[in-house]
Amino acid sequence: MNIIAIYPGSFDPITNGHIDIIKRALLIFDKIVVLVAVNPNKRFTFSVDERVSMIRDSLKDYPQVSVDSTSGLTVHYAQKIGAKAMIRGLRAATDFEYEFQINNANRFIDKQIESIFFMAKHEFMFISSSTIKEMVAGGIDVSKLVPAPVWAKFNHK
Ligand code: COA
């Protein structure tokens with residue numbers, strides 16, 4: 001059986017917290033599609049193409065992982081590719097309410113697609129894409145918190 005999951009998010013940019021979730025999810029799923037989802041309520045630092053290419057470069061050693069983007073609903077994307085599950089990470093109780101709400105909306109659309117939540121490891125609990133960008137703007141070295149291609153992109157910018 002080839003069990004596919006999608007991992008949707010903004011990934012503006014992808015961090016080591018996200019990478020950790022993907023590596024752990026690979027122990028369960030045969031194939032993971034990291035899906036850059038366009039969220040109309042957010043302003044992004046990196047374009048969709050930049051985000052997709054940073055994720056591809058960061059996960060090039062994982063042939064079971066592919067990367068794509070969508071401006072539609074994540075559930076529709078999952079249906080289109082035959083994915084059984086949607087992966088999300090939980091860092092703190094504050095993530096829960098938001099995830100609970102999205103999960104209910106997604107279930108309303110298609111209850112066959114299950115959401116699976118991974119608890120972030122202690123060392124990644126404080127990371128978010130915004131925190132990373134704030135630290136970079138303040139001159140902090142975040143090379144231990146993001147994959148090498150993302151760090152290179154920050155230095156380039
Ligand atoms: N490690 C590090 N950071 C993490 C993390 C982890 N494990 N898990 C979440 N985050 C951070 C992200 O970096 C991001 O930080 P930021 O707010 O500082 O940028 C934040 O948590 C939330 O990010 P994300 O998981 O990307 O959520 P989102 O709200 O931007 O997007 C989607 C969530 C893409 C799943 C949602 O917008 C979506 O589904 N959009 C498509 C439309 C749709 O289908 N809607 C649902 C049904 S109506």
Side-chain angles (χ1 to χ4, degrees), residues 4-29 32-55 58-59 62 65-81 83-138 140 142-151 153-154 157:
I4 307 171
I6 62 169
Y7 182 25
S10 301
F11 304 110
D12 188 38
I14 191 161
T15 70
N16 284 350
H18 298 123
I19 300 280
D20 179 60
I21 303 277
I22 294 165
K23 286 184 183 166
R24 288 160 56 201
L26 279 173
L27 300 174
I28 298 171
F29 298 103
I32 293 173
V33 180
V34 182
L35 187 65
V36 176
V38 178
N39 182 342
N41 300 320
K42 269 189 167 180
R43 288 192 63 232
F44 297 108
T45 305
F46 297 98
S47 70
V48 171
D49 286 351
E50 285 177 315
R51 284 180 271 155
V52 165
S53 108
M54 282 188 281
I55 301 169
S58 305
L59 291 161
Y62 294 86
V65 178
S66 58
V67 189
D68 201 358
S69 65
T70 183
S71 54
L73 298 177
T74 52
V75 168
H76 284 163
Y77 186 93
Q79 289 170 334
K80 190 178 77 182
I81 64 159
K84 287 260 179 291
M86 199 116 83
I87 296 163
R88 296 286 290 165
L90 287 177
R91 292 159 300 170
T94 43
D95 280 347
F96 180 80
E97 274 195 46
Y98 177 59
E99 295 299 334
F100 192 70
Q101 192 222 338
I102 301 189
N103 178 42
N104 282 328
N106 286 335
R107 282 189 75 80
F108 177 80
I109 303 166
D110 185 344
K111 58 179 177 308
Q112 309 278 17
I113 295 170
E114 202 57 68
S115 291
I116 312 277
F117 298 92
F118 287 81
M119 304 291 268
K121 280 194 198 147
H122 178 71
E123 62 266 40
F124 299 124
M125 294 274 286
F126 72 99
I127 306 182
S128 75
S129 300
S130 306
T131 321
I132 295 287
K133 288 182 281 192
E134 259 183 73
M135 286 199 265
V136 169
I140 305 295
V142 297
S143 56
K144 288 196 168 61
L145 305 178
V146 294
V150 174
W151 180 231
K153 184 86 179 174
F154 275 127
K157 280 215 167 190

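Given the structure is predicted, the values throughout are model-derived calculations rather than measurements. In what follows, residues are counted from 1 in the order of the sequence shown. Order of listing sets the numbers, starting from 1, for every ligand and every atom in it.
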For [atom], find the nearest protein heavy atom and state the residue, atom name and distance (0.1 Å precision).
{"atom": "atom 21 (O) of ligand 1", "result": "R91 NH2, 2.9 Å"}
{"atom": "atom 17 (O) of ligand 1", "result": "K42 NZ, 3.1 Å"}
{"atom": "atom 12 (C) of ligand 1", "result": "H18 NE2, 3.8 Å"}
{"atom": "atom 3 (N) of ligand 1", "result": "I127 O, 3.3 Å"}
{"atom": "atom 13 (O) of ligand 1", "result": "S129 OG, 2.8 Å"}
{"atom": "atom 46 (C) of ligand 1", "result": "N106 OD1, 3.6 Å"}
{"atom": "atom 40 (N) of ligand 1", "result": "A37 CB, 4.1 Å"}
{"atom": "atom 44 (O) of ligand 1", "result": "T74 N, 3.0 Å"}

Closer than 3.5 angstrom, by distance alone: can the side chain of [X] be matched with the main-chain N or O of [Y] as a donor-acceptor pair?
{"X": "S66", "Y": "V33", "value": "no"}
{"X": "S58", "Y": "M54", "value": "yes"}
{"X": "R91", "Y": "F124", "value": "no"}

Identify, by atom number and element, the atoms of ligand 1 in contact range of [X], meaning under 4.0 Å from any of its heavy atoms.
{"X": "I21", "value": "7 (N)"}
{"X": "T15", "value": "1 (N), 2 (C)"}
{"X": "S128", "value": "3 (N), 13 (O), 15 (O), 18 (O)"}

Closest non-hydrogen atom pair, Y7 against G89
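Looks like CE1-N, 4.5 Å.
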
Heavy-atom contact check, 4.0 Å cutoff: does V75 meet ligand 1?
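Judged by the 4.0 Å heavy-atom criterion, V75 does not count as contacting ligand 1.
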
Examine ligand 1 and decide if any of its atoms is less than 4.0 Å from a heavy atom belonging to Y98.
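Within the 4.0 Å threshold, so yes.
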
Classify the contact between L73 and ligand 1 as side chain, backbone, both or neither, using a heavy-atom distance cut-off of under 4.0 Å.
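It is both parts that get close, each with some atom under 4.0 Å.
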
Which option wins on minimum heavy-atom distance to atom 25 (O) of ligand 1: M125, R88, K121?
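Residue with the shortest heavy-atom distance to the ligand atom: R88.
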
Could you work out, for atom 18 (O) of ligand 1, the closest of S10, G9, S130, S71 by heavy-atom distance?
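Comparing heavy atoms across S10, G9, S130, S71, the nearest one to atom 18 (O) of ligand 1 lies in S130.
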
Just jot down the side-chain contact (heavy atoms from CB on, under 4.5 Å) partners of A85, sequence neighbours excluded, or say none.
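Applying side-chain contact (heavy atoms from CB on, under 4.5 Å) to A85 gives A5, F29, I116.
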
Taking the side chain as C-beta and beyond, is there a heavy-atom pair between K133 and D12 under 4.5 Å?
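Heavy-atom side-chain distance check passes, below 4.5 Å.
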
Report the residue from H18, R24, K23 that forms a side-chain hydrogen bond (donor to acceptor under 3.5 Å, both in side chains) with D20.
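So, applying the side-chain hydrogen bond (donor to acceptor under 3.5 Å, both in side chains) to D20 and each of H18, R24, K23, only R24 qualifies.
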
Taking atom CD1 of I127 and atom CG of N16, what is their separation to the nearest 0.5 Å?
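Between I127 CD1 and N16 CG, I get 6.0 Å after rounding to 0.5 Å.
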
By salt bridge (charged side-chain N to carboxylate O under 4.0 Å, His left out) - contacts of E99 (at least two apart)
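E99 satisfies salt bridge (charged side-chain N to carboxylate O under 4.0 Å, His left out) with R88 once adjacent residues are dropped.
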
Between F154 and F46, does the ring centroid distance fall short of 6.0 Å?
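Between F154 and F46, the centre distance is under 6.0 Å.
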
